[in-house]
There are 2 protein chains.
Amino acid sequence: MRADARRNRDRILEAARDAVAELGADAPMALIARRAGVGVGTLYRRFPDRSVLLAALAEQYVHELLDSIDRAVAAEPDAWAAVRAFVVYSVEKGRGAIAAALAGTSAPQARQALVQRLDELVRQAQADDAMRSDVGTDDLMELLNVFACHPGIIPERFLSLMLDGLERR
Amino acid sequence: MRADARRNRDRILEAARDAVAELGADAPMALIARRAGVGVGTLYRRFPDRSVLLAALAEQYVHELLDSIDRAVAAEPDAWAAVRAFVVYSVEKGRGAIAAALAGTSAPQARQALVQRLDELVRQAQADDAMRSDVGTDDLMELLNVFACHPGIIPERFLSLMLDGLERR
DNA sequence: TCCTAAGCGGAATGTCAGTTTCCTGTTCTA
DNA sequence: TAGAACAGGAAACTGACATTCCGCTTAGGA
């Protein structure tokens, strides 16, 4: 792959991430191309259609989240605190539609890796009696989606509200 | 207004309510007409454009919610219990996009009446020390919107989770 | 019963936003 | 420096909707 081609590919991915976060999974391809400073033709050569682009985005997103879990665990020996930190990170990251795409068809195995990793943490937090035990990891993912799908609308205090709700009474 | 016309108008409103709840504020007019068992022409005679239809829907929705507040208050002398009951009702009702439309331009005065009525209840609940005081009525409306915009996705236990989060610790 | 204004359906038309193709000119890199 | 890979973007295509229009139907009063 030629150096310039690689550069363009990266730019496209970046622009797509922003555009999708902002406009949803059906953000216009032409807009993505424009924002990447690239022609539509170039976009289509790299990503033959929208679903391929979305899958690439989803994969990238999962890796970011996995990293954020690792960081949270490293910084917080306490599992519940790590869960909180992860939730805050992922909501702030706010790549709503990407997360939604994740829930859909694209990159199912990547999603699974994420859920699995998060699940360890959740179980630990629950074993520590720090977190409600009637809410599972899947529920948590769903809640994250909901929050992620309303970027800008949800002030941080809703986050704390949700986190408080998750805590063991 | 002829009896058959009236009947059709009601059917249209009903179909529109469902379609908008399901597909969002830009649900196809043709779909609404079909579901109402009516031709598009008929739909357009009653509601010259989409915004008129949406406004009618919003108004109807506000009345339902106001009634539900009255019922909740009648059934629950305790303000916080009434708030909970109202929230449960309105989320179950789940007319997501209609609520969103409400937040938008259509029927601003109707919305205000609702907020005002709800606000009394919220203040009372807070005065009773039963509800978090760092969350206001507007926030509550927003939360409702978020929930309402994810019909089917949100199981009831999220509701209790949110309500627990709202409670005074 | 008959008349007619009100009402109806839905094909036809217009519009628009996006997608995708394709061809010409440009840029790497061996 | 050749030539393969790449870029750009105009243009054709697509499909989904909104909206109009008009010939036919019907409610309901006289």
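Excluded from the calculations below are hydrogen atoms, water molecules and symmetry mates; all remaining heavy atoms, backbone and side chain alike, are included. Convention: sequence-line order gives letters A, B, ...; per-chain numbering from 1. Since we're looking at a predicted model, the values are computed, not measured.
For the side chain to side chain contact (heavy atoms under 4.5 Å, CB included) with B:Arg35, the qualifying choice from B:Leu31, B:Ile32, B:Val38 is B:Leu31, the only one to do so. A side chain to side chain contact (heavy atoms under 4.5 Å, CB included) with B:Leu140 is found for exactly one of B:Val83, B:Asp119, B:Leu121, namely B:Val83.
For the pair B:Arg117 and B:Phe86, the cation does not sit on the ring face, since its NZ or CZ is not both under 6.0 Å from the ring centre and inside 45° of the axis.
Taking 4.0 angstrom as the limit, B:Thr42 places none of its side-chain polar atoms (N or O) nearer than this to OP1 or OP2 of C:dG7. At the phosphate of C:dG7, OP1 or OP2 sits under 4.0 Å from a side-chain N or O atom of B:Arg46.
Within 4.0 Å of A:Ala33, counting heavy atoms only, lies no atom of the nucleic acid at all. Counting any heavy atom pair closer than 4.0 Å across all strands shown, B:Asp26 reaches no nucleic acid atom.
Bending across the helix from C:dT1-D:dA30 to C:dA30-D:dT1, expressed as the angle between its end axes from five pairs apiece, amounts to 10° (10° rounding).
Classification of A:Arg71 and A:Asp67 as a salt-bridged pair fails, no side-chain N sitting under 4.0 Å from a carboxylate O.
Both A:Arg9 and B:Leu31 lie near DNA chain D, and the one whose nearest nucleotide falls closer to the 5' end is A:Arg9. Across the interface with DNA chain D, nearest-nucleotide mapping of B:Met1 and A:Arg45 shows A:Arg45 to be the residue nearer the 5′ end.
Taking atom CD1 on A:Ile32 and atom P on C:dG18, their separation rounds to 11 Å, with Å as the unit. Counting to the nearest Å, the P atom of C:dA30 and the CZ atom of A:Arg2 are 11 Å from each other. The distance between atom CG of A:Asp4 and atom C1' of C:dT27, rounded to the nearest whole Å, is 7 Å. For the pair B:Arg34 CZ and C:dC8 P, the interatomic distance rounds to 18 Å; values are reported in whole Å.
From the 5' end on, the contacts that DNA chain D makes with chain A at under 4.0 Å to a non-hydrogen atom open and close at D:dA4 to D:dA10.
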